[in-house]
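Remarks on the structure that follows.
For reference, positions follow the sequence shown, starting with 1.
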Amino acid sequence: MLSLTAISPEVLARYEAVIGLEVHVQLLTRSKIFCSCSTRFGDPPNSNTCPVCLGLPGALPVLNREAVTMAMKAALALNCAVHPRSRFARKNYFYPDLPKGYQISQYDEPLASAGWLDIEVAGKAKRIGVTRVHLEEDAGKSLHEGFPDSDRKSYIDLNRSGVPLIEIVSEPDLRTPEEAYDYLTRLKTLMLYLEVSNCNMEEGSLRCDANVSVRRAGRTAFGTKTEVKNLNSFKFLQKALAHEIERQIGVLEEGGEILQETRLWDSREQRTYGMRSKEFAHDYRYFPEPDLLPLVISEEWKEEVRRSMPELPEAKRARFVDQYGLGDYDAAQLTSSKALADYFEEAVRRAGEPKLSANWILSELSHLLKEAGKEIAESPVSPERLAELLALVAKGTLSGKMGKDILAEMFSTGRAASEIVAGKGFEQISDPEKIAAVGREIMAANPKQVEQYRGGKAALLGWFVGQVMKATGGRANPQLVQEILKKELGS
Ligand code: ADP
Ligand code: ZN
Ligand code: MG
């Protein structure tokens, strides 16, 4: 096989990739999908279990209404048709952490289908089809420890067994790893806005499998796809796709054929490798789940769910542009998470300075948060406190530079701006009399410069301003200083 680095950009350019994502999202219900066990993460192994999620014979599932409501929210936000009737099915396979020997999922009658999600490509919207959204239960977790192999032990934790998931399948509409990344980012943002999942990738609340094929540019027929699993970060998704696209092109350039198979991404070796062939196209022997009635969703229920949905990112972004006069970029940044958008709106509600607030939140505050490794929700400076600071900056009581120093101090000490300002004599000097007095002192001490200025060397004004700023420890209002000095110096 060709080594990956041997494929030239010219050869790569002769191909186009086709990508479709299958995303699993764990729903934030308190109890599991078919029993009342807790879904809490990190509890002692097998403590959140009962006959239903242990798969004991004779135990019967009862559908969790909240899981359906959350799944509906996700489906509606993805512009899907939510079907009045859908059905659960058994997907049969053997795995040690699947005690029943089948997973309850949905198959030929999913909860919802035919939606879309808009992504952005080179500044323009591109619509990605969403094939379906269906409900299913999660399996348990196998844990392996001990090396060498002779000491190896495996454990099974069934706390996760029966936790509700939705699977969101995209159409093969994505064309580059960057598009796939953008799609997953927007999908995650949407789920977080809806508060149907915490989308925590490390805890497995958001999982993504990527299907990818390549074809000669200009062809319409799809090539044979592989499915890449084990993508537990956004970065891995992008890297694995880039790698897999090059690998497939390499095989085709050598006259080889792509095997339809499942491949695993190895982040240490930065490559994918074959796991199982899909030639036999899994036969899961799906059949309708006999222990559950079809899921019937009334128009009223659906409308009730629709009404309960929050404003979604796109709508919020447009409103921020309209209502606050923000630029597109700032509006997009501020609505990248609901927590950030809420923070901004709370600050503006109090300080009434949308542009100033946007600037400070996106630059100074974001910078401090990033350095401290904190999320906006954990900000030591509340929106109320930030608003108080910004009001002082807007009034000119504090210069921008002082404001920044004070914000840093508010961030590290949790104290309010007014407290810090009072304690430090930090206030900006805006009293014209005080400034004029300092100016006159400096003029008296520098008669030669005064003479030169009056003789026509106008550029010296800047030097005088600098002297006043120095004498006041940078606290004088520079604009006022300029005006007053001009007057004092005359011509
Ligand atoms: P399977 O039967 O293997 O599960 P599906 O047709 O259900 O395949 O599609 C699963 C995922 O693969 C979907 O996200 C779909 O968009 C994507 N997909 C289908 N065909 C291709 C292809 N030729 N190349 C890339 N992705 C594809
Ligand atoms: Zn249970
Ligand atoms: Mg499929």
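Within a 6.0 Å radius of CD in Gln323, more than 12 heavy atoms belonging to other residues, nucleotides or ligands are found. Summarising the local packing, CZ of Phe222 is surrounded by more than 12 heavy atoms from other residues, nucleotides or ligands at distances under 6.0 Å. Arg216 CZ: more than 12 foreign heavy atoms inside a 6.0 Å radius. Summarising the local packing, CD of Glu378 is surrounded by more than 12 heavy atoms from other residues, nucleotides or ligands at distances under 6.0 Å. Other residues, nucleotides and ligands place more than 12 heavy atoms under 6.0 Å from the CZ atom of Arg175.
Here the side chain of Ser161 pairs no donor or acceptor atom with the backbone of Ala139 at under 3.5 angstrom. Looking at Ser47, its side chain does come within 3.5 Å of a backbone N or O of Pro44 through a donor-acceptor pair. Between the side chain of Asn46 and the backbone N or O of Ile156, at least one donor-acceptor pair lies under 3.5 Å. When atom types are taken as modelled, the side chain of Ser86 and the backbone of His83 share no donor-acceptor pair closer than 3.5 angstrom. Looking only at distances, no side-chain donor or acceptor of Ser379 sits under 3.5 Å from a matching main-chain atom of Glu375. A donor-acceptor contact shorter than 3.5 Å links the side chain of Thr39 to the backbone of Thr29. The closest donor-acceptor contact from the side chain of Asn92 to the backbone of Tyr284 lies under 3.5 Å. At distances below 3.5 Å, not a single donor-acceptor pair connects side-chain atoms of Ser36 with backbone N or O atoms of Lys32. Within the 3.5 Å criterion, the main-chain N or O of Leu165 finds no donor-acceptor partner in the side chain of Glu136. Not a single donor-acceptor pair under 3.5 Å links the side chain of Asp182 to the backbone N or O of Val121.
Ion pairing between a basic and an acidic side chain is recognised when a charged N comes within 4.0 Å of a carboxylate O; Asp328 and Arg317 show such pairing. Under 4.0 Å is where a charged nitrogen must lie from a carboxylate oxygen, and between Asp138 and Arg207 at least one such pair does. Using a cut-off of 4.0 Å between Lys/Arg side-chain N and Asp/Glu carboxylate O, Glu120 and Lys124 are scored as not salt-bridged. Under the 4.0 Å criterion applied to side-chain N and carboxylate O atoms, Glu261 and Arg263 are assigned as salt-bridge partners.
Remark: Ile166 CD1 to His24 NE2 distance equals 10.0 Å, nearest 0.5 Å. For the atom pair Glu167 CD and Asp209 CG, the distance stands at 8.0 Å (nearest 0.5 Å). To the nearest 0.5 Å, atoms CG (Asn359) and CG (Leu365) are separated by 12.5 Å. The CD atom of Glu179 sits 4.5 Å away from the CD1 atom of Ile119 when rounded to the nearest 0.5 Å. Considering OG of Ser308 and CD of Glu303, their distance stands at 10.5 Å, rounded to 0.5 Å. Expressed to the nearest 0.5 Å, how far OG1 of Thr335 lies from CD of Glu311 amounts to 9.0 Å.
Taking the six-membered ring where the residue is Trp, Tyr286 and Tyr107 present parallel rings, their angle staying beneath 30° rather than reaching 60°. Between Trp265 and Phe236, the angle of the ring planes lies from 30° to 60°, which puts this pair in the tilted group.
Lys239 is not listed as a side-chain neighbour of His243, based on a closest heavy-atom distance of 4.5 Å or more. Side-chain contact check for Arg160 versus Phe41: every heavy-atom pair is 4.5 Å or farther apart. Side chains of Gln103 and Glu137 form a contact here, defined as non-hydrogen atoms less than 4.5 Å apart. Using a 4.5 Å heavy-atom threshold, the side chains of Trp116 and Ile128 count as separate. The shortest distance between side-chain heavy atoms of Leu368 and Val381 does not fall below 4.5 Å. Looking only at side-chain heavy atoms (C-beta outward), Asn64 and Ser31 come within less than 4.5 Å of each other. Contact check for Met72 versus Ile297: side-chain heavy atoms found under the 4.5 Å cut-off. By the 4.5 Å heavy-atom criterion applied to side chains, Leu63 and Leu295 are counted as neighbours.
At least one test fails for Arg306 against the ring of Trp301: distance under 6.0 Å to the centre or angle within 45° of the axis. Within the cation-pi definition used here (under 6.0 Å to the ring centroid, within 45° of the axis), Arg90 does not qualify as a partner of Phe287.
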- Message: Under the criterion salt bridge (Lys or Arg N to Asp or Glu O under 4.0 Å), I'd like the reasoning laid out for Arg268 against Asp266: C-alpha separation, chi angles, the key distance, then a yes or no.
- Response: CA-CA 6 Å; Arg268 280 225 335 254; Asp266 184 329; 5.7 Å; no
- Report the C-alpha distance between Tyr15 and Glu246 in whole Å, list the side-chain angles of each, state the deciding distance to 0.1 Å, and finish with yes or no for side-chain hydrogen bond (donor to acceptor under 3.5 Å, both in side chains). CA-CA 10 Å; Tyr15 289 86; Glu246 288 203 30; over 6 Å; no
- So Arg132 and Glu171, salt bridge (Lys or Arg N to Asp or Glu O under 4.0 Å) or not? Walk me through it. CA-CA 9 Å; Arg132 57 191 272 149; Glu171 288 290 302; over 6 Å; no
- From CA spacing to verdict: salt bridge (Lys or Arg N to Asp or Glu O under 4.0 Å), Lys229, Glu227: CA-CA 6 Å; Lys229 288 186 176 283; Glu227 184 181 358; 3.6 Å; yes
- Message: Run Lys141 and Asp157 through salt bridge (Lys or Arg N to Asp or Glu O under 4.0 Å) and show every step you take.
- Response: CA-CA 5 Å; Lys141 219 153 96 181; Asp157 178 5; over 6 Å; no
- Would Tyr95 and Tyr102 satisfy ring-ring contact (aromatic ring centres under 6.0 Å, His included), going step by step from the backbone distance to the final call? CA-CA 9 Å; Tyr95 219 74; Tyr102 60 85; over 10 Å; no
- Task: Might you work through the side-chain hydrogen bond (donor to acceptor under 3.5 Å, both in side chains) test for Glu203 and Ser205, ending with a clear yes or no?
- Result: CA-CA 6 Å; Glu203 293 178 7; Ser205 310; 4.6 Å; no
- Passes side-chain contact (heavy atoms from CB on, under 4.5 Å), Asp173 versus Tyr183? Steps please. CA-CA 10 Å; Asp173 290 343; Tyr183 171 86; over 6 Å; no
- Might you work through the side-chain hydrogen bond (donor to acceptor under 3.5 Å, both in side chains) test for Asn159 and Asp43, ending with a clear yes or no? CA-CA 8 Å; Asn159 280 354; Asp43 278 357; 5.8 Å; no
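Partner of Lys225 under the side-chain contact (heavy atoms from CB on, under 4.5 Å) criterion, out of Ile19, Asn211, Val18: Asn211 alone. Put simply, the residue from Asp291, Leu292, Ile33 that forms a side-chain contact (heavy atoms from CB on, under 4.5 Å) with Ile104 is Leu292.
With 3.5 Å as the limit, one finds no donor-acceptor pair spanning the side chains of Thr224 and Gln260. With no hydrogens or angles considered, no side-chain donor-acceptor pair links His134 and Glu109 at under 3.5 Å.
Nearest heavy atoms, Leu241 versus Ala210: CD2-CB, 3.8 Å. A pairwise comparison of heavy atoms in Ala372 and Phe411 identifies CB-CE2, 3.8 Å as the closest pair. Closest of all the heavy-atom pairs between Arg87 and Pro288 is NH1-CG, 3.6 Å.
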